[in-house]
K.L.:
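Okay, here's the structure, questions in a sec.
Numbers here are sequence positions counted from 1.
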Amino acid sequence: MAEAVPVRCPACLRENGYTAPVFPCACGSPVNPPLDLSAPPVLLTHRTWSDSWVAVRCTTCGRESEWPHPELGCGSCGTVVRLPVHPLERPESGTGPGTGRGAGPGAAGAAGRAARRGEGPADAGAGAPGDAVGDGRAAGPGGGGPAAARPDVGPAHIPLPPTAAVPRPAFRPVTIRTARDAVATAALYLRWLGFQDVRQPDGRPIPSAAVDLRAPGLVAQVDPTTAPAGLRAVECVWLNGLTASATSVYFSLAGYTADARDRADELGIPLFVMDLTGMPQPVNDPADELVGSGA
């Protein structure tokens with residue numbers, strides 16, 4: 001395991017301990033990005049897909065793979081920084097036909113194994129050009145040339161992108177005039193997110209102004225009153241979801257108290273507020289995540 005190194009936050013100047021992650025190479029050896037501790041960390045204000053990956057060479061087999069670029073979030077101010085990494089050292093272009101490690105047209109892994117045994121440079125240049133034609137190891141398009149010095153022809157590792165949200169059509173809001181309209185709008189919005197068979201449960205209603213909505217894997221409450229939803233309401237929907245092993249969601253027309261929002265963030269409950277146009281808006285990070293990923 002790599003040792004922790006101190007990284008100073010450029011925003012608040014606090015030192016944070018960082019341990020470079022270790023990734024498994026295809027050959028089974030651990031690889032980790034070589035941090036450039038002489039360069040200052042870069043403040044991350046805009047994230048792009050290409051900048052989020054870095055090429056790392058395995059010291060055992062020489063395979064080049066793409067791995068996530070080291071990043072660190074400051075434990076004091078929350079600033080995210082990207083840590084510089086030493087660039088890959090490319091092999092010198094002066095390697096001739098007699099020094100090719102991967103002289104044969106066989107598997108790419110054989111080149112790395114021959115190099116570690118010390119057979120590549122000696123065997124590749126041992127014979128004359130005529131002997132090389134008769135020898136199956138040196139014949140072929142890649143026999144002993146500079147291109148044969150590369151351990152691999154294609155990319156060694158292609159990382160999978162994160163699961164993208166399922167594309168959905170734009171939500172069509174319904175104007176809210178009554179409490180029933182608020183419940184209907186919340187149900188439509190949950191169906192738009194991907195929850196199936198959203199309905200009000202049968203039986204006697206609970207003694208509360210909030211209205212229950214249920215679906216497989218979902219427990220939601222809709223508060224159509226003009227008072228902000230409080231701490232107790234958020235904890236109740238969380239307990240109902242915990243009992244049913246389902247996701248808890250809350251909708252409110254009048255917003256939430258500060259205690260309710262703080263508690264929802266701690267419990268990971270998505271909070272939505274609805275205006276009279278019928279368009280629910282996410283209030284906290286769990287709600288943003290639910291909108292982005294869907295059911």
Side-chain angles (χ1 to χ4, degrees), residues 45 47 73-74 76-80 165-295:
T45 57
R47 190 186 302 275
C74 179
S76 177
C77 65
T79 301
V80 179
V166 178
R168 298 186 298 265
F171 177 70
R172 297 182 178 180
V174 178
T175 303
I176 297 177
R177 298 184 178 88
T178 64
R180 187 182 297 272
D181 292 339
V183 176
T185 297
L188 288 174
Y189 192 76
L190 291 171
R191 295 189 187 100
W192 177 76
L193 289 175
F195 293 99
Q196 304 294 326
D197 193 23
V198 180
R199 57 182 177 82
Q200 285 187 243
D202 299 329
R204 297 181 58 186
I206 59 175
S208 172
V211 179
D212 271 354
L213 289 175
R214 299 294 177 96
L218 170 72
V219 171
Q221 279 196 339
V222 185
D223 187 354
T225 65
T226 57
L231 175 63
R232 180 179 178 183
V234 169
E235 291 181 339
C236 284
V237 72
W238 172 72
L239 289 173
N240 290 337
L242 191 64
T243 303
S245 299
T247 302
S248 302
V249 185
Y250 206 100
F251 294 86
S252 175
L253 273 179
Y256 305 87
T257 63
D259 292 342
R261 293 187 59 171
D262 292 341
R263 188 60 170 158
D265 290 339
E266 295 174 2
L267 300 176
I269 300 176
L271 301 181
F272 293 89
V273 63
M274 298 184 295
D275 54 21
L276 296 182
T277 63
M279 187 64 190
Q281 299 290 342
V283 173
N284 57 354
D285 290 341
D288 287 328
E289 295 174 2
L290 180 60
V291 173
S293 61

K.L.:
For A254 and T225, which heavy atoms make the closest approach, and how far apart are they?
P.N.:
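Nearest pair, atom of A254 first, then T225: CB-O, 3.9 Å.
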K.L.:
Is any side-chain heavy atom of D197 less than 4.5 Å from a side-chain heavy atom of P216?
P.N.:
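Yes, side chains in contact.
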K.L.:
Measure the CG-OG1 distance between D181 and T175 for me, rounded to the nearest 0.5 Å.
P.N.:
8.5 Å
K.L.:
How far does OG1 of T185 sit from CE of M274, to the nearest 0.5 angstrom?
P.N.:
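Result: 6.5 Å between the selected atoms.
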K.L.:
Could you pull out the closest heavy-atom pair between Y250 and A233, with the gap in Å?
P.N.:
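Here Y250 and A233 meet closest at OH-CB, 3.4 Å.
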K.L.:
How long is the gap from CG on D288 to CG on L271, to the nearest 0.5 Å?
P.N.:
11.0 Å
K.L.:
Is F272 close to P282 at the side-chain level, that is, under 4.5 Å between some pair of heavy atoms?
P.N.:
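Answer yes - side chains close enough.
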K.L.:
Might you point out which heavy atoms bring A182 and P224 nearest each other, and give the distance in Å?
P.N.:
CB-CB, 4.1 Å
K.L.:
Should L193 and F171 count as side-chain neighbours, where that means a heavy-atom distance under 4.5 Å?
P.N.:
no
K.L.:
When you compare the side chain of V219 with that of R214, does any pair of heavy atoms fall below 4.5 Å?
P.N.:
yes
K.L.:
Between N284 (side chain only) and I269 (backbone N and O only), is there a donor and an acceptor less than 3.5 Å apart?
P.N.:
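A pair under 3.5 Å: yes.
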K.L.:
When you measure from the side chain of D265 to the backbone N and O of D262, does any donor-acceptor pair fall under 3.5 Å?
P.N.:
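Side chain of D265 to backbone of D262: no pair is present.
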K.L.:
Minimum heavy-atom separation for W192 to A170, with atom names?
P.N.:
NE1-C, 3.9 Å
K.L.:
Output every pair passing salt bridge (charged side-chain N to carboxylate O under 4.0 Å, His left out) with a member in residues 231-240, not counting sequence neighbours, ordered by first then second residue.
P.N.:
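Only E235-R263 qualify under salt bridge (charged side-chain N to carboxylate O under 4.0 Å, His left out).
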K.L.:
So does Q196 have more than 12 non-hydrogen atoms from other groups sitting under 6.0 Å from CD?
P.N.:
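At most 12 heavy atoms, drawn from other residues, nucleotides or ligands, come within 6.0 Å of this atom.
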K.L.:
Is there a side-chain contact between L213 and V222, using heavy atoms and a 4.5 Å cut-off?
P.N.:
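Yes - at least one pair of side-chain heavy atoms lies under 4.5 Å apart.
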K.L.:
With the side chain counted from C-beta on, respond yes when W238 and V234 share a heavy-atom pair under 4.5 Å apart, and no when they do not.
P.N.:
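No - every pair of side-chain heavy atoms lies 4.5 Å or more apart.
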K.L.:
Regarding D275 and T277, do their side chains bring together a donor and an acceptor under 3.5 Å, going by distance alone?
P.N.:
yes
K.L.:
Please name the pair of heavy atoms, one in P173 and one in G278, separated by the smallest distance, quoted to 0.1 Å.
P.N.:
CB-O, 3.2 Å
K.L.:
Would you check, one step at a time, whether the test side chain to side chain contact (heavy atoms under 4.5 Å, CB included) holds for V249 with L218?
P.N.:
CA-CA 8 Å; V249 185; L218 170 72; 3.6 Å; yes
K.L.:
Counting only N and O atoms by type, is there a donor-acceptor contact under 3.5 Å from the side chain of R261 to the main-chain atoms of V283?
P.N.:
yes
K.L.:
Rounded at 0.5 Å granularity, tell me how far CG in L239 sits from OG in S248.
P.N.:
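If we round to the nearest 0.5 Å, L239:CG and S248:OG are 8.5 Å apart.
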K.L.:
Of the non-hydrogen atoms in V273 and L253, which two are nearest, and what is the gap between them?
P.N.:
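Closest pair (atom of V273, atom of L253, distance): CG2-O, 4.1 Å.
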